[in-house]
Amino acid sequence: MKRDELYDTAPSDFLTPEEQAEYAAFLRARGEEDIALPKPLSALLAAVEVTPPSERQRRDREARIIEALEEASESENSLAWLLPSAGWARALVGGVLAAVLAVAVLLLPSGPDATDLESLYAAGSHYSEIYGVNLQEDLAEIVSGSETSEEALHYLVGQLLTEGNEEYLRYVEQSFDLLPDLGATDEERSFLGRQLLEPRG
Amino acid sequence: VVGVVVDEAIHATLTEDFRRGAETALPAAVRLYQHELFLFALRMLRNEADAEETVQEAFLRAHRSRRKFRGDASLKTWLYRITANLCLNRLKKGKREALVEMAEPLPAEPEGLNSLLDEELLQHTRRALEELPPQQKLVLTLRVYQEKSLQEIAAITGSALGTVKANLFHATRNLKKCLAANFPGEIEP
């Protein structure tokens, strides 16, 4: 099945009649300004709202965060002479991580394919650094915890869905978010996973 | 309207200051945004210590990545995004601990709902929220509790608008399904 065929698969192929009606309502709602929650549900959600902290707790927390920032700045300044440039430091960290990843893959001959993982790693490391996601940690878990390449890819794709914002990730995001709920098979999801790894021009 | 315009001007100035590398920008952002971000993290994680740690880490990451900030989105949106990703990481890794104390039911509920708002139903609602897939919980929290527009949620999550609507739709449907199973007929629109 080609990517376009999968992307255009009708919901009726996956959903029960009741779910189809619900999905049709959803599609209509996509064109609207907003999706309103049923009033009783809104009231329930309001009733389980968290208790806001006191003004004092708020000020104390503010002070702790500012103190942590000041410590980070001081620590950064004291280490500045060690780092010729930010680019140099990043290259070093990237190199070490890539080496760790390569060794981990080699140690697991039946595990994920090294090229696949490195492609995903390259796409994801940028977001890891900037947006606060911990892809490095995830990678270590994935490589050691996945039995098959597909399993690792599915997990990684899931990670990228929530972490990336580049054009090509949007396609996967739009597809993957919907497919599990629409009852896509493992094979179909696996297909999408493989599509992710194709070079994009 | 005037308040909104002033707020927007403050956000824009702060964003530009931060982009230019002004040292005062991030502490100012802490004063302006940490409370809102903390409540957001608390709603996601339901644990005060985790929420504070997450917000502090978000500001530290913003500090470390400050030279990469291009100002495509506002500083506030960027901080929301980092916080959201950190919350998702925590949820995925199951680091939640004890639930925080929840507020008592609001005194003035819409007519006919008083009988609904008993503790059993509230417990089911909390559990249903906890059991939502993290991405759905994120979008629902941003929409319902943080009162973000769908466009703002798209910017925070880095998702297409359609994806945000899809997640909100699925979150609502999952909550309704979960609650309807225990309280049939009570939460239909």
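No experiment lies behind these values; they were computed from the predicted model shown. Proteins come first, then strands; the chains are lettered A, B, ... in the order of their sequence lines, and each starts at number 1.
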Give the table of side-chain donor-acceptor pairs shorter than 3.5 Å for residues 21-31 of chain B, with sequence neighbours excluded, one pair per line with atom names and distance.
none

Residue among B/H63, B/R64, B/E57, B/Q123 with most heavy-atom pairs under 4.5 Å to chain A: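 Greatest number of close heavy-atom pairs with chain A: B/H63.
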Under 4.5 Å from a heavy atom of chain A, the part of B/L129 involved: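 Contact with chain A involves the side chain of B/L129 alone.
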Region of B/F59 in contact with chain A, defined by heavy-atom distances below 4.5 Å: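 For B/F59, the contact with chain A is made by backbone and side chain together.
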Aromatic contact, B/H11 with B/Y33 (centres under 6.0 Å):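 Yes: the rings meet the under 6.0 Å criterion.
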Audit row: B/E130, B/R127, salt bridge (Lys or Arg N to Asp or Glu O under 4.0 Å) steps and yes/no: CA-CA 5 Å; B/E130 292 304 309; B/R127 202 171 304 135; over 6 Å; no
B/Q146: side chain to side chain contact (heavy atoms under 4.5 Å, CB included) partners, not counting sequence neighbours: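 Expected list: B/E36, B/F40, B/R43, B/Y80, B/L142, B/K148.
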